[in-house]
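Notes for the one structure printed next.
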Amino acid sequence: MYRFFILIASTTLLSLPALTAVAQPPPSDPVCSNGGEGKPEICVRFDNLENAPQVGTDFVFDFDDPDNPGIEFRRGSDGQISREWRVWSWDNDEDQTPKSIGTLTGNNSWNFEMKILQPDGDPGAYHLKHLELGGDVIGDHWSKVEDGQITGNLAGDINDPATFKLKRYNSAGGYAHVTIAGSVTESAKIELGRGDGFTVEGSATSLIGYVDVDITDGGIQNGNFTIEGLVIRMTVDVVGSITNGAFQIGDYADQMFMTVDEMGASGHINITYLQDSEEVTSGTITIKSDLPASASIYAPDLYYTGTIKFEADGGVRKDIYGNLTFETFAGTIAGDDLSGTIDIERGFYDLGGPGMLDLDGSMSGTLKVNSSQGNYWLDTVIIDIDGSLTSQGQIIVYKGSNGRFDEDAMIDIGGDLAGTVFIGGDFAPGDNDGDVELNVGGDLSGTAFIGGDFAGDVSIGDDFSHGAEFTVGTPGTPTDVAATASFTVASNFRADLWVTGDVVDGAVLDLNKLGADGRILIDGECDGDILIAKGTDATSLIRITVGLTDDGLIVINNSEGNHNAAGGIYVGVTTICWECELPIVKYDGVIDILNGPSGGGDLDGYVTVVGCHLTDDPLELCVCGSVNGTTSITQTDCDPQVPGFTCSDNPCN
């Protein structure tokens with residue numbers, strides 16, 4: 001036969017002065033029982049009432065599993081009488097070692113408030129298997145665990161997973177300020193009205209099913225939902241807002257699928273490491289709202305793979321105003337407009353799929369990669385912006401000791417590039433010869449800087465606008481446009497393309513028109529092709545400092561229309577010391593100015609060569625139309641002297 005008894009505690013009455021407020025009465029005596037000799041004892045009391053709870057009226061014991069005793073709560077607060085429950089399990093009042101609790105249940109026709117603590121505040125249980133306060137009864141009732149400490153686990157098994165449920169919520173409840181010192185075990189279900197204050201110091205892992213976390217009404221507000229250990233196979237559904245609080249995991253998360261209805265002000269998601277699985281699906285975080293400027297997603301210690309989507313029901317993308325920070329990222333970030341900051345402190349990697357930033361809208365924010373400036377690079381990366389990179393937008397890859405694009409990489413901007421693309425290292429394939437692309441659907445009116453060698457493809461769908469810049473290298477660290485590179489402008493080239501090193505054989509600069517103030521500035525030598533489909537404007541310039549080498553080719557009016565060369569072509573040193581010997585200039589390639597069936601092919605501008613040539617061979621220049629401008633070779637005291645220009649292989653119609 002089960003037994004129960006009331007522990008009578010001695011009290012000392014003190015003479016107290018009169019109070020203006022009614023003091024809360026002392027707690028009741030505890031009511032304890034066990035399921036048999038040697039079995040753990042489970043106790044309850046009221047923290048705010050002097051009269052002890054009555055068995056059968058206020059609660060009943062549950063000894064279906066005597067090793068894991070439980071309580072069914074029959075009465076809570078009803079609007080007139082407040083019943084603040086305290087429950088705990090131990091060996092006995094002499095040996096107060098916490099023991100396991102099997103079930104804590106209460107129906108939802110009452111408001112339940114409890115603490116899972118011993119009378120002196122020590123932890124109230126070792127393992128806890130089931131807690132469910134608030135059933136399916138319809139009504140505006142609430143339940144909460146005001147305080148609780150579990151020294152062991154929220155522990156179930158495959159056949160009977162653990163549960164922790166506070167189903168109903170209004171402004172008075174729905175939360176659990178509970179610390180579980182151990183772990184959450186196989187296929188556990190955690191369902192809260194509010195997620196602030198719930199802490200698991202261990203891990204949450206499931207090898208068969210999933211640990212399910214549902215925050216059903218109030219979201220996470222003014223507190224944190226925390227799992228300090230690792231997470232394996234978890235689903236998280238936050239039906240409210242994360243505001244002034246955080247969902248956070250201290251160790252890594254493998255196969256975690258999270259949905260958040262709304263990120264509010266100062267809402268945060270902190271995850272050390274979230275990785276893909278070998279399954280078809282991968283780890284995902286779906287935010288159905290915008291990310292406010294004061295909100296963030298933070299993965300500081302290791303790295304993240306998977307998907308972060310800012311997307312409402314129906315697939316409508318949402319905006320990113322806040323900040324996302326990772327040490328290393330190898331997944332996909334998807335949203336509409338990005339005006340916040342994405343900071344990837346190390347690299348952007350390919351771990352089973354490309355690292356990807358995918359925006360349906362425009363970007364006025366910042367993407368920083370390798371901001372720690374260490375030995376990291378981008379590996380199989382896609383940056384896909386359907387709209388524009390606005391004048392405030394920045395894509396920055398810091399060099400560090402090896403800041404570079406490696407393997408396949410693409411920056412695809414559907415609209416205009418009015419902001420800044422800064423690659424501190426190589427914009428070039430690595431050992432595996434990947435392809436690198438920068439595609440701009442509209443105008444390039446901003447700035448693109450490549451600190452290392454450029455061996456990729458640049459495509460500008462409209463204008464390379466006046467005032468824009470595309471620069472390869474710096475004067476102190478000249479770098480090259482490599483053999484596999486191309487630079488294509490579909491409309492009007494009116495800005496500066498500056499190469500501080502060489503344009504190597506095989507590289508192609510393919511332009512529609514070299515318009516007003518458009519300049520191609522090559523500090524080294526040009527062994528590649530400069531192809532201009534139409535003509536050049538009178539204020540345009542092609543300048544090659546070291547020279548046009550054997551395979552170097554410049555073709556103007558390559559489309560063979562009615563277009564002329566009105567601008568300048570300058571080969572040689574840019575500053576002349578008349579008392580000094582001129583340096584060697586290379587001019588072994590060809591400049592062709594073609595005509596078409598209806599004319600064109602005139603040289604209205606100038607071709608100037610300054611420097612000494614190694615041989616006295618004439619320089620190749622083919623003008624198919626009229627020479628209305630000038631051609632000149634400055635040689636001073638050079639030996640040998642070049643006799644002039646020739647056209648040995650006439651390309652004219």
Side-chain angles (χ1 to χ4, degrees), residues 163-167 169 174-176 184 187-196 198 200 204-206 209-221 223-227 231-249 252-277 279-292 295-299 304-322 324 326 329 331-336 340 356 358-360:
T163 55
F164 195 109
K165 296 185 178 183
L166 302 174
K167 285 190 174 182
Y169 167 77
Y175 60 84
V184 176
S187 301
K189 311 292 183 184
I190 299 171
E191 186 175 316
L192 305 172
R194 279 168 37 198
D196 39 281
F198 194 93
V200 179
T205 63
S206 182
Y210 283 84
V211 174
D212 292 330
V213 176
D214 290 325
I215 300 172
T216 58
D217 295 289
I220 299 172
Q221 300 186 38
N224 300 332
F225 183 102
T226 303
I227 298 174
V231 165
I232 299 177
R233 296 174 67 89
M234 172 181 280
T235 66
V236 181
D237 191 7
V238 181
V239 178
S241 171
I242 301 180
T243 301
N244 296 319
F247 177 92
Q248 53 194 19
I249 296 173
Y252 76 81
D254 183 358
Q255 302 178 63
M256 190 188 82
F257 305 94
M258 182 176 185
T259 301
V260 179
D261 272 11
E262 181 180 2
M263 290 294 289
S266 299
H268 308 289
I269 297 174
N270 303 327
I271 300 175
T272 296
Y273 168 56
L274 178 61
Q275 68 176 9
D276 275 332
S277 69
E279 299 179 351
V280 175
T281 53
S282 62
T284 60
I285 297 175
T286 300
I287 312 294
K288 295 183 179 181
S289 72
D290 299 333
L291 184 71
S296 69
I297 296 178
Y298 184 47
Y304 179 106
T305 64
T307 300
I308 301 176
K309 294 190 297 184
F310 296 88
E311 185 175 286
D313 294 336
V316 178
R317 297 276 182 89
K318 307 299 286 185
D319 296 335
I320 306 170
Y321 300 101
L324 285 75
F326 309 96
F329 189 82
T332 298
I333 302 170
D336 193 34
M356 186 170 183
D358 184 7
L359 301 178
D360 282 354

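Because the structure is a prediction, the values reported are computed rather than measured. Quick note: residue numbers are just sequence positions, from 1.
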Identify the two heavy atoms, one from [X] and one from [Y], that lie closest to each other, and give their separation to 0.1 Å.
{"X": "N270", "Y": "A246", "value": "ND2-CB, 4.0 Å"}
{"X": "A295", "Y": "G264", "value": "CB-O, 3.7 Å"}
{"X": "A176", "Y": "L166", "value": "CB-CD1, 3.9 Å"}
{"X": "I215", "Y": "G195", "value": "CG2-N, 3.6 Å"}

Next on the checklist: Pairing donors with acceptors under 3.5 angstrom, does anything connect the side chains of T284 and T286?
Outcome noted: no

Checklist entry - Does one side chain, of Q221 or T243, offer a donor that lies under 3.5 Å from an acceptor on the other? => result no

Enter the distance from [X]:[atom1] to [Y]:[atom2] here, rounded to the nearest 0.5 Å.
{"X": "D196", "Y": "R194", "atom1": "CG", "atom2": "CZ", "result": "4.5 Å"}
{"X": "M263", "Y": "I320", "atom1": "CE", "atom2": "CD1", "result": "11.5 Å"}
{"X": "D319", "Y": "D360", "atom1": "CG", "atom2": "CG", "result": "10.5 Å"}
{"X": "E191", "Y": "D217", "atom1": "CD", "atom2": "CG", "result": "9.0 Å"}
{"X": "I220", "Y": "S241", "atom1": "CD1", "atom2": "OG", "result": "9.5 Å"}
{"X": "D212", "Y": "D237", "atom1": "CG", "atom2": "CG", "result": "9.5 Å"}

Next on the checklist: Taking K189 first and then D214, would you say they form a salt bridge - that is, a charged N and a carboxylate O separated by under 4.0 Å?
Outcome noted: no

Checklist entry - Should R317 and D336 be marked as a salt bridge (Lys or Arg N to Asp or Glu O under 4.0 Å) after you check the CA-CA gap, both sets of side-chain angles, and the distance that decides it? => result CA-CA 5 Å; R317 297 276 182 89; D336 193 34; over 6 Å; no

Checklist outcome for this item: Partner of F164 under ring-ring contact (aromatic ring centres under 6.0 Å, His included), picked from F198, Y175, F225, is F198

Any non-hydrogen side-chain atom of [X] less than 4.5 Å from a side-chain atom of [Y]?
{"X": "I287", "Y": "K318", "result": "no"}
{"X": "I285", "Y": "I271", "result": "yes"}
{"X": "I269", "Y": "I249", "result": "no"}
{"X": "M356", "Y": "I333", "result": "no"}
{"X": "F247", "Y": "V236", "result": "yes"}
{"X": "V184", "Y": "I227", "result": "no"}
{"X": "Y210", "Y": "R233", "result": "yes"}

Item to check | side chain to side chain contact (heavy atoms under 4.5 Å, CB included) between V260 and M258, worked out | outcome: CA-CA 7 Å; V260 179; M258 182 176 185; 3.5 Å; yes

Next on the checklist: With side chain to side chain contact (heavy atoms under 4.5 Å, CB included) as the criterion, how do I297 and H268 come out once you've worked through the C-alpha distance, each side chain's angles and the decisive distance to 0.1 Å?
Outcome noted: CA-CA 6 Å; I297 296 178; H268 308 289; over 6 Å; no

